[in-house]
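Inspection log for the structure reproduced underneath, given as structure tokens.
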Amino acid sequence: MKNVICPACGGHPFGEEERQLNLQKLRQENARLREEHEKVSSLLAKYIGKPKSQIDLLTSDTGSSQEELPTFVQNQRMGNPGIDWGRNPGSDISHFACRLEGIPDMENALMAETAAGAMDELIRLLRVNEPFWIKSPSDGRLILDRLSYERIYPRAAHFISRNARVESSKDSATVTMPGMDLVDMFLDPNKWVDLFPTIVTEARTIQVLEAGTVGNRHGSLQMMYEQMHILSPLVPPREFYFLRLCLQLEPGQWVIADVSYNYLKESGSPPCAWRLPSGCMIQDMPNGCSKIIWVEHVEANDRIQTHCLYRDLICGSYAYGAERWIASLQRICERLAFSTAVPPRELGGVVTSPEGRKSIVNLAHRMVKIFCSSLGMSGKLDFRQLSEGNNSGVRVAICKNAEQGQPIGTVASAATSFWLPLSPQNVFNFFKAEKSRTQWDILSNGNPVLEISHISNGADPGNCISIIRPFIPAENNMLILQESCTDSSVSMVVYAPVGIPAMNVAISGDDSSIIPILPSGFVISGDGRMDTRGTSSSSTSSTGSNSGGSLLTIAFQILVSGSNSSSSTEFNMESVATVNTLISTTVLKIKSAFNCSDLD
């Protein structure tokens, strides 16, 4: 630094005082990073049960070259395409679980060391912005500076394909939940799905390698599987096998690190996404809230070209970015907080007790989860009618349902996505408004509806649960349960018919988990494209200020036969025609209401 030569740029040369100041800043930053590295290395050495010198070798970035690392660690960390680590997660999870029952010591060690390296890298990405993170010139979001990152963490690309790309993002926020509660939910796959129903459709713990310390979960290490989606039948889900490691760095502060890991080496389709060290830091706050810093870093390989409607949203890293995870976590934590605080004005009329309110809230949450899961249409008999353009056509699926909490029998599902030249907030307001329901709800036959109960579950007026009475002479024994929810990444209006006897069970405060429910609804998001001001319309801002367009997904489900009926191809095609007509007619009514009938 004393003899550094700077090429002439026409500016004033550094003075001695400025040089010393910069040197002092660098020394302070290096000391802080060295202290952090020592702390993590000690924690990992204690956890893995190996000398700290071996941990330093494993996690070192600048002090040792990649060639000094064990070969198996190089292959896992760098995604060496010469060794078949790739494998589609597929559906045969039971086979995977059987394979893991007797993990060899070497494999166990590799898992621990892979997780340790990921944790070390993630902590640096979470704590430090420069030089790793830069603001995107298009929208100001934090993205990784590839040159700076790869200089410190060199690795070969996991996918060798012209369709491969890297998605990176970082975001932070405060959520209304204590840190320890969040940690417990992150490490429980069922609660993980409950936290992120709009992102995660399925999650399982394949193997618990370390349970962690009782009371703070420090050292917990699991092999997990998850399937993620973006709430449209036009985009295939992403699947990951990954290691999840939880460390408590100090009282009230945890880091949870995820990194892809592929234990299966048999033949199979390669994965379409590979998670590089990602995760979050959870910091307890005195008021019972938590500060969250989230990092997402994924290599994606689109073997099937992304549908044009969602290309900007996905390729722009909005679909699975840190901002979406943070927004979803804030919304669900707010929902949980509102479920325990009962405004006196909401007790009266139909719902008269806190127990009844809680039962209705739980029923609505289950309804939203079922709706989100239905959009994947996986494992079903599909009748696809897809096309490019602003209209996607209709995708219809037939399946036999036998799960408790849903009607037993054959269910026909139909979904379509299309673009509208309106802001997401305006579209959401249209579907949420009671007065505009007659313009799209075919089941109400153009008759008005009446909201007989209203439950708030968020500060935004758009976040609420309603019990609605339709004025349909032939259906005087039926009510509609509806939940509308909105955050900065997506908005939804989900509803389902519920018989009055079943609704009374929930209203009385009894267990609502056995009430069969078959939801339909709408998903609204920005299109990810830049508007005329150069900002992205990927969010559903509560102000509705974005001038970009919206992506609207409509999904209907209808029970076409009971549990004792035998299905046939002819019967299935009749069901397809019925639900296809239902959804196509709804699309036309919506476009007419928005004066967009001329859209393709």
Side-chain angles (χ1 to χ4, degrees), residues 173 195-199 229-235 309-310 312-313 318-321 323-335 338 364-365 367-375 415-434 436-437 439-441 454-466 481-496 519-529 531 535-556 586-587 590 593-594 596:
L195 273 180
F196 300 100
T198 62
I199 302 177
H229 65 165
I230 63 167
L231 300 177
S232 172
L234 304 185
V235 183
L309 283 176
Y310 285 87
D312 293 302
L313 195 67
Y318 300 106
Y320 296 106
E323 298 85 0
R324 186 182 174 206
W325 287 96
I326 286 282
S328 297
L329 184 60
Q330 282 184 301
R331 170 80 274 275
I332 201 69
C333 289
E334 181 187 49
R335 189 187 194 280
F338 267 72
H365 182 62
M367 174 181 70
V368 171
K369 284 179 60 180
I370 293 172
F371 173 76
C372 293
S373 179
S374 72
L375 287 170
T416 187
S417 299
F418 58 97
W419 182 82
L420 288 171
L422 300 155
S423 73
Q425 186 65 38
N426 288 340
V427 178
F428 176 63
N429 289 340
F430 170 79
F431 287 110
K432 181 171 62 72
E434 185 178 310
S436 62
R437 194 179 192 97
Q439 299 182 62
W440 58 264
D441 191 357
H454 181 95
I455 298 175
S456 301
N457 61 11
D460 191 301
N463 291 315
C464 62
I465 299 167
S466 303
L481 178 66
Q482 176 173 295
E483 175 159 353
S484 61
C485 49
T486 182
D487 60 41
S488 60
S489 63
V490 69
S491 298
M492 294 193 299
V493 175
V494 183
Y495 61 95
S520 301
F522 305 90
V523 181
I524 307 113
S525 69
D527 57 15
R529 303 172 189 172
D531 61 23
T535 58
S536 169
S537 63
S538 63
S539 66
T540 56
S541 169
S542 59
T543 63
S545 59
N546 284 329
S547 61
S550 300
L551 296 176
L552 175 63
T553 294
I554 306 173
F556 288 155
T586 303
V587 169
I590 291 170
F594 285 128
C596 299

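Under the 30°/60° scheme for interplanar angles, the aromatic rings of Phe431 and Phe522 are found to lie parallel. Ring geometry for Phe556 against Tyr495 counts as perpendicular: the plane angle is over 60°, on a 0 to 90° scale with 30° as the lower cut.
Here the CG atom belonging to Asn426 is positioned 11.0 Å from the CD1 atom belonging to Ile524, to the nearest 0.5 angstrom. If you take OH on Tyr320 and CG on Leu313, they are separated by 9.5 Å, rounding to the nearest 0.5 Å. With rounding to the nearest 0.5 angstrom, the CE atom of Met492 is 12.0 Å from the CD atom of Gln482. A distance of 11.0 Å separates CD1 of Ile230 from OG of Ser489, quoted to the nearest 0.5 Å. Ile326 contributes atom CD1, which lies 11.5 Å from atom CG of Asp487 (distance to the nearest 0.5 angstrom).
Here the side chain of Ser550 pairs no donor or acceptor atom with the backbone of Leu552 at under 3.5 angstrom. In this structure, Asn463 contributes its side chain and Thr486 its backbone to a donor-acceptor pair below 3.5 Å. Looking only at distances, a side-chain donor or acceptor of Glu334 sits under 3.5 Å from a matching main-chain atom of Ala459. Panel note: side chain Thr553, backbone Ser232; no donor-acceptor pair is recorded below 3.5 Å. At distances below 3.5 Å, at least one donor-acceptor pair connects side-chain atoms of Ser484 with backbone N or O atoms of Gly462. With Ser328 contributing its side chain and Arg324 its backbone, the two residues share a donor-acceptor pair below 3.5 Å.
Here the side chains of Tyr310 and Ser417 are in contact, with some heavy-atom distance below 4.5 Å. Arg335 has its side chain within reach of Ile465: a pair of non-hydrogen atoms, C-beta onward, lies under 4.5 Å apart. Pro424 places none of its side-chain heavy atoms less than 4.5 Å from the side chain of Ser491. Gln425 places none of its side-chain heavy atoms less than 4.5 Å from the side chain of Val427.
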